[in-house]
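Numbers restart at 1 for each chain; the letters A, B, ... are given by sequence-line order, proteins then strands.
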Number of protein chains: 2
Amino acid sequence: MVTMSDVAREAGVSVMTVSNVLNERLPVGAPTRARVLAAVESLGYEVNLTARHLRAGRTDTVALIVPSFHDYFGEVADEIAPLVEAHGRHLVLERTSASPEHELEAVSVARLQLYDGVLLSVAGMDPEQLGRVRTSKPIVLLGERDVPPHFDHVRLANEEGARLATAHMIERGSRRILALGCTLDRAHMMTSDRRAGWESAHREAGLPVDERYVVPIATYSSHTARTTLLDVIDSGLPFDGIFAATDVIALGAVAALADRGLRVPDDVQLAGFDNLEVSSFVPPGITSVDPNHRGVAQHAVGLLHRRMAGAVGPAEHVVAPVSLVVRGSTRGGR
Amino acid sequence: MVTMSDVAREAGVSVMTVSNVLNERLPVGAPTRARVLAAVESLGYEVNLTARHLRAGRTDTVALIVPSFHDYFGEVADEIAPLVEAHGRHLVLERTSASPEHELEAVSVARLQLYDGVLLSVAGMDPEQLGRVRTSKPIVLLGERDVPPHFDHVRLANEEGARLATAHMIERGSRRILALGCTLDRAHMMTSDRRAGWESAHREAGLPVDERYVVPIATYSSHTARTTLLDVIDSGLPFDGIFAATDVIALGAVAALADRGLRVPDDVQLAGFDNLEVSSFVPPGITSVDPNHRGVAQHAVGLLHRRMAGAVGPAEHVVAPVSLVVRGSTRGGR
DNA sequence: TGCTCCTATTTTAACGCTAAAATCGCGACG
DNA sequence: CGTCGCGATTTTAGCGTTAAAATAGGAGCA
């Protein structure tokens with residue numbers, strides 16, 4: 001590896017002069033500067049950022065740590081990247097291992113030290129693990145779980161979104177609406193909050209809440225959603241609407257409905273949550289709760305940058321508003 | 001920040017003893033070890049990886065650099081991550097800026113020094129930019145472009161995949177097949193190679209190649225694909241099949257066909273390329289060329305690890321085989 | 001008692017960089 | 001002609017860690 005002192009020797013100057021030429025910190029005489037630049041060029045020198053980071057005590061880099069790289073998280077990451085870059089920092093993504101026992105390891109506190117700030121997506125991390133994370137590093141948590149109160153946290157209005165979607169289908173005539181991918185758990189997490197919204201919509205409309213219509217699924221994949229819904233259909237439980245806890249689940253539902261020849265929205269209305277890009281292209285267009293990625297990203301990055309700039313004060317807990325995007329999978333959508 | 005010397009002072013030992021306790025390099029007496037561990041615990045010490053990396057001359061980290069985080073790249077990244085981790089290294093993702101003028105900057109050679117090896121996705125990078133990247137750092141290029149010959153490179157059998165998909169539709173009765181998102185360019189890149197495959201299939205079947213059926217699109221989004229295809233339909237150009245250069249494009253095509261009431265596969269057969277997860281769920285299931293992500297990931301990571309282990313020798317240029325996954329969007333699919 | 005040989009621990013030095021202080025060289029000025 | 005001033009350049013020191021060499025402190029043995 002070519003180091004600054006190689007360049008210095010080649011140019012016949014001290015390392016500080018090389019540093020000064022490259023960083024334009026102290027002025028350097030024109031002939032010296034030229035010799036240094038020539039040496040840099042001929043040796044192909046590139047600064048060693050690890051050394052610079054150690055010396056500077058910062059890395060100008062923010063990490064976004066997510067459970068996996070695809071779908072929802074990929075889309076959020078693409079919103080976050082430009083915001084981080086706008087502050088002159090780099091964004092890198094890291095993935096927590098899929099297996100829970102490795103999760104904490106991947107988020108080993110030591111690794112956080114590599115970054116000036118961290119956006120940590122808490123989907124699939126339990127609060128107890130989080131409690132063990134003690135660090136002075138600025139961290140903003142992101143995601144649909146209860147978290148220890150001393151962390152900054154940005155989450156969605158899950159219950160409100162689910163309520164909106166369900167109320168919309170009720171208003172358009174559905175009376176038996178599955179809550180696919182939701183759970184009856186009381187713990188505040190994504191699947192229970194969205195179930196609560198589904199429930200609220202029923203209460204507000206004066207409709208009974210039938211727990212048989214809450215259908216949890218084993219894994220949050222389209223594939224599992226499809227097979228789970230096929231089982232429900234085949235069980236004979238009558239339904240005329242589906243609130244899918246995520247668009248990935250909604251996509252599996254679309255497939256299952258097609259498998260059984262049920263028409264959307266004529267036989268069954270369908271609404272999802274996340275407003276993934278695909279949802280507007282899958283015919284007839286999937287009505288979905290827009291999680292307002294951009295707003296979430298702005299809140300989270302803004303908060304993180306304030307902390308990195310040294311802002312103190314109590315942890316902030318932001319609940320980002322959501323909205324319903326109506327498409328062809330519910331009646332009245334285009 | 002708590003450093004090793006804080007721990008050493010607290011425990012009444014030298015920093016090296018702390019280091020030896022934590023790294024288990026040299027044996028440390030049991031009582032001393034206990035005092036050190038207690039000090040680590042009470043101060044909440046975490047090793048500074050930047051310093052360790054500088055000292056060690058390596059970071060045990062591999063970067064995957066992609067144009068954006070979603071769709072195709074997110075899926076590839078999820079395949080690559082476990083392979084990299086299996087070698088005891090970390091994977092991080094970085095994104096090249098969307099704007100071409102910043103691309104090289106994001107891939108600034110200096111930044112590559114942070115990693116022991118780099119997987120660089122070359123979609124949207126021109127070869128001339130790549131030529132300027134001189135570094136001894138192991139790099140494996142990934143993607144559907146011609147690249148300077150001294151780089152290791154893993155790419156797909158684009159032409160073969162397109163040929164398979166097109167031949168399949170011809171065999172199932174299509175005679176006028178659009179090549180949506182393809183280009184007539186001669187340069188070897190994804191869009192021209194896939195067009196070449198479309199062409200080969202026609203020649204092999206003894207069908208004429210009509211260049212009006214090659215329909216380029218301005219940006220590789222589902223939205224653009226949808227509006228572009230709507231224009232084609234409205235222009236009155238007759239067609240009974242579509243080969244979409246990517247599944248993202250195919251998705252836009254599905255939407256456009258539905259917009260105009262054309263049935264898939266009865267009126268128009270459709271095949272895409274990439275076999276995205278969504279493609280199996282969008283009714284009636286999109287026939288697609290499977291890019292064999294896992295195989296590509298294995299080739300690329302294997303090659304990179306060999307280089308990181310010091311393997312020398314001429315650059316390898318791997319063309320990973322692809323296969324066709326037949327679904328309901330072509331006749332005879334389930 | 002004196003000496004060797006281990007084992008436990010410490011000292012030294014370096015990874016590559018840069019902030020701050022020190023030094024050098026030279027023209028200007030009293 | 002000595003010295004002050006000032007820009008150009010170098011020296012010093014240290015970021016936090018760890019490999020390698022050095023040292024201290026006993027146990028074992030003649």
Side-chain angles (χ1 to χ4, degrees), chain A residues 1-37 39-40 43-61 108-116 135-137, chain B residues 1-37 39-40 43-61 108-116 135-137:
Chain A
M1 180 199 273
V2 182
T3 75
M4 239 181 210
S5 76
D6 296 324
V7 175
R9 193 174 328 107
E10 174 85 4
V13 297
S14 73
V15 280
M16 267 319 290
T17 299
V18 178
S19 175
N20 284 328
V21 167
L22 296 178
N23 299 309
E24 298 182 323
R25 229 181 69 82
L26 297 181
V28 174
T32 311
R33 151 183 240 90
R35 260 184 305 135
V36 168
L37 290 176
V40 164
L43 297 178
Y45 169 79
E46 290 289 340
V47 66
N48 179 322
L49 291 179
T50 301
R52 177 180 283 175
H53 292 167
L54 175 60
R55 173 67 228 221
R58 60 201 170 75
T59 60
D60 295 323
T61 302
S108 88
V109 182
R111 206 147 168 96
L112 302 186
Q113 304 276 354
L114 285 172
Y115 306 107
D116 289 352
T135 172
S136 55
K137 196 61 59 172
Chain B
M1 180 200 272
V2 182
T3 74
M4 237 181 214
S5 77
D6 296 325
V7 175
R9 193 174 330 107
E10 174 85 4
V13 296
S14 74
V15 281
M16 266 320 288
T17 299
V18 178
S19 176
N20 283 328
V21 168
L22 296 178
N23 298 309
E24 298 182 323
R25 230 181 68 83
L26 297 183
V28 174
T32 312
R33 151 183 239 88
R35 260 184 305 136
V36 168
L37 290 176
V40 164
L43 297 178
Y45 168 79
E46 291 288 340
V47 67
N48 180 323
L49 291 179
T50 302
R52 176 179 286 175
H53 291 168
L54 174 59
R55 173 67 229 220
R58 59 200 170 75
T59 61
D60 294 323
T61 302
S108 88
V109 181
R111 210 152 163 93
L112 302 187
Q113 304 276 355
L114 285 173
Y115 306 107
D116 289 352
T135 172
S136 54
K137 197 59 61 172

Under-3.5 Å donor-acceptor pair between B/R55 side chain and D/dT18 base
yes
Could you tabulate the donor-acceptor pairs under 3.5 Å formed by side-chain atoms of residues 29-37 of chain A, not counting sequence neighbours?
residue: A/R35; atom: NH1; partner: A/A11; partner atom: O; Å: 2.6

Partner set under side-chain hydrogen bond (donor to acceptor under 3.5 Å, both in side chains) for B/T135, not counting sequence neighbours:
none
side-chain hydrogen bond (donor to acceptor under 3.5 Å, both in side chains) with B/R25: which residues, sequence neighbours excluded?
none
So, do [X] and [Y] sit near enough that their side-chain heavy atoms are less than 4.5 Å apart?
X     : Y     : answer
A/V47 : A/L22 : no
A/H53 : B/L49 : no
A/V28 : A/T17 : yes

Shortest non-hydrogen contact from [X] toward [Y]:
X     : Y      : value
B/Y45 : B/M4   : CE1-N, 3.4 Å
A/A51 : B/L54  : CB-CD1, 3.9 Å
B/T59 : B/D116 : N-OD1, 2.9 Å

Mind checking what makes salt bridge (charged side-chain N to carboxylate O under 4.0 Å, His left out) contact with A/R9, not counting sequence neighbours?
A/D6
Tell me, please, which residues at least two apart from A/M16 pass side-chain contact (heavy atoms from CB on, under 4.5 Å).
A/S14, A/S19, A/N20
Could you note down all residue pairs passing salt bridge (charged side-chain N to carboxylate O under 4.0 Å, His left out) where residues 43-53 of chain A supplies at least one of them, sequence neighbours left out?
none
Whole angstrom value for the distance that separates [atom2] of [N] from [atom1] of [X]:
X     : N      : atom1 : atom2 : answer
B/M1  : D/dC15 : CE    : C1'   : 10 Å
B/N48 : D/dT17 : CG    : P     : 5 Å
B/L49 : D/dT18 : CG    : C1'   : 14 Å
A/H53 : D/dT17 : NE2   : P     : 17 Å

End-to-end axis angle, where each axis spans five pairs of the helix from C/dT1-D/dA30 to C/dG30-D/dC1, to 10°
80°
Can you pull the contact range of chain B along DNA chain C, 5' to 3', using atoms under 4.0 angstrom from its heavy atoms?
C/dA8 to C/dG16
Where along residues 22-35 of chain A does a heavy atom come under 4.0 Å from DNA chain D, residue by residue in number order?
A/P27, A/V28, A/G29, A/T32
Pairwise distance NZ(B/K137) to CE(A/M1) - rounded to 0.5 angstrom
5.5 Å
At a heavy-atom distance below 4.0 Å, what parts of residues 2-18 of chain B sit against DNA chain C?
B/V13, B/S14, B/M16, B/T17
